[in-house]
Structure formats: C-alpha cells, structure tokens
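FYI, side chains are in, hydrogens and waters are out, and symmetry mates aren't considered; it's all heavy atoms of this structure.
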Amino acid sequence: MEEFVVLVNPEDKVLGLMEKQQAHINGLLHRAFSVFLFNSNGEMLLQKRASGKYHSPLKWTNAVCSHPRSEETYLEGAKRRVKEELGIDVELSEKFNFIYKADVGNGLWEHELDHVFTGTFEGEFYLNKEEVEEVRYISLENLNQEISENPDNFTEWFKIILEEYKHHLHS
C-alpha cells in the first residue's frame, strides 16, 4: 500500500498529498511527528530501525517518528504509530514544533514540520519487527556520549530533533 505525506507550507497550510518516498526524494516540506518516551528513571527509549527500512536501516533513533495521515491530527498519528511500532498505548503531550531538513543519504531528504511529543512508559513492548529491530532505555548523559563517539549509529533527524529538544528543556 502506497503511503502519502501531507505537504505543507511553513505555516502548516496544506498544499496537497504526495507519495512518501517521492516527497523524500524531492525534499518537500511535509507534516511529521516525533515521540520521545521516558521511563520513571528519566531514561529515554531508543529504537533501532528494522533492517528492511528503505533509509537509515539499523540506526538508533527516538521511540517513534512518522507522518500523520491526511485525516489525522498530529496527536492521532503519533498514538497510532506508537501502537503500530511498539505495540503499546501511552498518553502523549506535545512539547513544541519546528522545521528541519536533513540529508538521510541515497538522494533522500527529510524536510519536516515536526511536532514533538513526550510520554512516560513502564511495561512490555510488542515490537513490529518490520519497523523496529530492538529498543532500549538510555540516560541522556550516556546518549550524548554515544552520539559524540559514534554519530553514524544514529539517524540524522534524531540528532537534530534531540538538540532542539534539549534547547526547549532549558528555555
């Protein structure tokens, strides 16, 4: 089944729909969301993308990143993808949104109006192996060290979104 993304202008006015991979080839601005999940110790959940992903396979990233469908709100899309990828239901709250553009290799670009959500989860995950290879929790201190020592182990967009997240934590 073809997946479509919602193309927007910087003010989030809908311009139309485009097949997802084509939007990533063309580098066109589209709606997206990122979910950061934490445990009760304040550790962040990372997911390793499945080996079959068409870009950035086997790279670590935040809990969930995806795109809302045309009839969904950002929050509805985020909750849907958390359920589809991690097999869980979790309360999410929106923290901020921003626009970024990242070269993800092989002539593909992520150019997204990204709404960032956070939530807390303790419990068992039921991973969709077509999407997620594995998950783990990590402290922000250890995450910063891992990214600085092995930046290529992480998705390009995650590194950008994480910096933006840290900026919003301190503002």
- Which heavy atom of Leu127 sits nearest a heavy atom of Glu134, and at what distance? CD1-CA, 3.9 Å
- With Gln47, which of Glu85, Glu133, Lys59, Glu131 fulfils side chain to side chain donor-acceptor pair (under 3.5 Å)? Glu85
- Task: Walk me through it: do Glu94 and Phe33 pass the test side chain to side chain contact (heavy atoms under 4.5 Å, CB included)?
- Result: CA-CA 10 Å; Glu94 185 170 345; Phe33 51 80; over 6 Å; no
- Query: How many angstroms lie between atom OG1 of Thr155 and atom CG of Asn62, to the nearest 0.5 angstrom?
  - Reply: 6.5 Å
- Out of curiosity, Leu28 CG to Leu15 CG, how far, rounded to the nearest 0.5 Å? 9.0 Å
- From Cys65 SG over to Glu110 CD, what is the distance, rounded to the nearest 0.5 angstrom? 8.0 Å
- Message: I'd like to know if Glu91 and Lys79 make a salt bridge, using a cut-off of under 4.0 Å between side-chain N and carboxylate O.
- Response: yes
- Item | Connected via hydrophobic side-chain network under 4.5 Å: Leu46 and Ile160 | yes
- Report yes if the side chains of Tyr54 and Gln21 come closer than 4.5 Å at any heavy-atom pair, otherwise no. yes
- Item | Heavy-atom check, side chain of Leu17 versus side chain of Val6, under 4.5 Å | yes
- Task: May I have the step-by-step check of salt bridge (Lys or Arg N to Asp or Glu O under 4.0 Å) for Arg80 and Glu72, ending in yes or no?
- Result: CA-CA 10 Å; Arg80 173 180 53 82; Glu72 285 181 320; 2.6 Å; yes
- Message: Is there a continuous path of hydrophobic side-chain contacts, each under 4.5 Å between heavy atoms, that joins Val90 to Tyr74?
- Response: yes
- Query: Can you tell if the side chain of Leu162 reaches within under 4.5 Å of the side chain of Asn144, non-hydrogen atoms only?
  - Reply: yes
- With Phe36 as partner, the option from Tyr137, Phe117, Tyr165 fulfilling ring-ring contact (aromatic ring centres under 6.0 Å, His included) is Tyr165
- Message: Ring centres under 6.0 Å, that's the criterion: do His30 and His24 meet it?
- Response: yes
- Task: Could you tell me which non-hydrogen atom of Leu29 sits nearest to which non-hydrogen atom of Ile99, and how far apart they are?
- Result: CD1-CG2, 3.8 Å
- Hey, could you give me the OG/CG distance between Ser139 and Asn39, rounded to the nearest 0.5 Å? 10.0 Å
- Looking at CD of Glu156 and CZ of Phe158, how far apart are the two atoms once the value is rounded to the nearest 0.5 Å? 12.0 Å
- Query: Between His167 and Glu163, do the side chains contain an N or O donor and an N or O acceptor separated by less than 3.5 Å?
  - Reply: no
- Could you tell me whether the side chains of Ser40 and Glu122 share a donor-acceptor contact shorter than 3.5 Å? yes
- Is the closest side-chain heavy-atom distance between Lys83 and Asp89 below 4.5 Å? yes
- Looking just at side-chain N and O atoms, do Glu3 and His67 make a donor-acceptor pair shorter than 3.5 Å? no
- Validation row: Ile88, Phe125 side chains within 4.5 angstrom (heavy atoms): yes
- Hey, is CD on Glu141 packed in by over 12 heavy atoms from elsewhere, all under 6.0 Å? no
- Item | Sidechain-backbone polar pair: Asn106 side chain, Leu108 backbone, donor-acceptor under 3.5 Å | no
- How about Glu130: does its CD atom have over 12 heavy atoms from other parts shown lying under 6.0 Å from it? no
- Query: Counting N and O atoms only, with roles assigned by atom type, does the side chain of Asn9 sit under 3.5 Å from a partner on the main chain of Glu11, one being a donor and the other an acceptor?
  - Reply: yes
- May I have the step-by-step check of side chain to side chain contact (heavy atoms under 4.5 Å, CB included) for Lys53 and Leu58, ending in yes or no? CA-CA 8 Å; Lys53 300 296 276 183; Leu58 299 176; over 6 Å; no
- Less than 4.5 Å apart, any side-chain heavy atom of Phe98 and any of Val116? yes
- Message: Is it the case that the side chain of His111 and the backbone of Lys101 share a donor-acceptor pair, with hydrogens and angles ignored and the cut-off at 3.5 Å?
- Response: no
- Message: Show the nearest heavy-atom pair for residues Ser56 and Trp157, with the distance to one decimal.
- Response: OG-CZ3, 3.4 Å
- Counting only heavy atoms not in Lys13, do more than 12 fall under 6.0 Å of its NZ? no
- Item | For Ile25 against Trp109, the heavy-atom pair lying closest together | O-CD1, 4.2 Å
- Stepwise, does the salt bridge (Lys or Arg N to Asp or Glu O under 4.0 Å) test hold for Arg31 with Asp12? CA-CA 8 Å; Arg31 286 181 173 169; Asp12 203 20; 2.8 Å; yes
- Message: Restricting to non-hydrogen atoms, name the atom on Tyr100 and the atom on Asp114 that form the minimum distance, rounded to 0.1 Å.
- Response: CE2-CB, 3.9 Å
- Message: Can you confirm if the aromatic rings of Phe96 and His168 lie within a centre distance of less than 6.0 Å?
- Response: yes
- Under a single-linkage definition using a 4.5 Å side-chain heavy-atom cutoff for Ile, Leu, Val, Met, Phe, Trp and Tyr, are Ile138 and Trp60 assigned to the same hydrophobic cluster? yes
- Short question: side chain of Lys159, backbone of Pro151 - any donor-acceptor pair under 3.5 Å? yes
- Note on the structure: Closest heavy-atom pair, Glu19 versus Phe4, reported as atoms and distance to 0.1 Å, is N-CD2, 3.3 Å
- Task: State whether Glu146 and Arg136 are salt-bridged, where the test is any N-O pair (Lys NZ or Arg NE/NH1/NH2 against Asp/Glu carboxylate O) under 4.0 Å.
- Result: yes
- From OG1 (Thr73) to CD (Glu76), nearest 0.5 Å: 3.5 Å
- Item | Thr118 and Leu37, any side-chain heavy atoms less than 4.5 Å apart | no
- Is the backbone N or O of His55 less than 3.5 Å from a side-chain atom of Arg49, with the two atoms forming a donor-acceptor pair by type? yes
- Task: State plainly whether one hydrophobic cluster holds both Val5 and Val64, where clusters connect Ile, Leu, Val, Met, Phe, Trp and Tyr through side-chain heavy atoms under 4.5 angstrom apart.
- Result: no
- Message: Starting from Ile161, can I reach Leu113 by hopping between I/L/V/M/F/W/Y residues whose side chains sit under 4.5 Å apart?
- Response: no
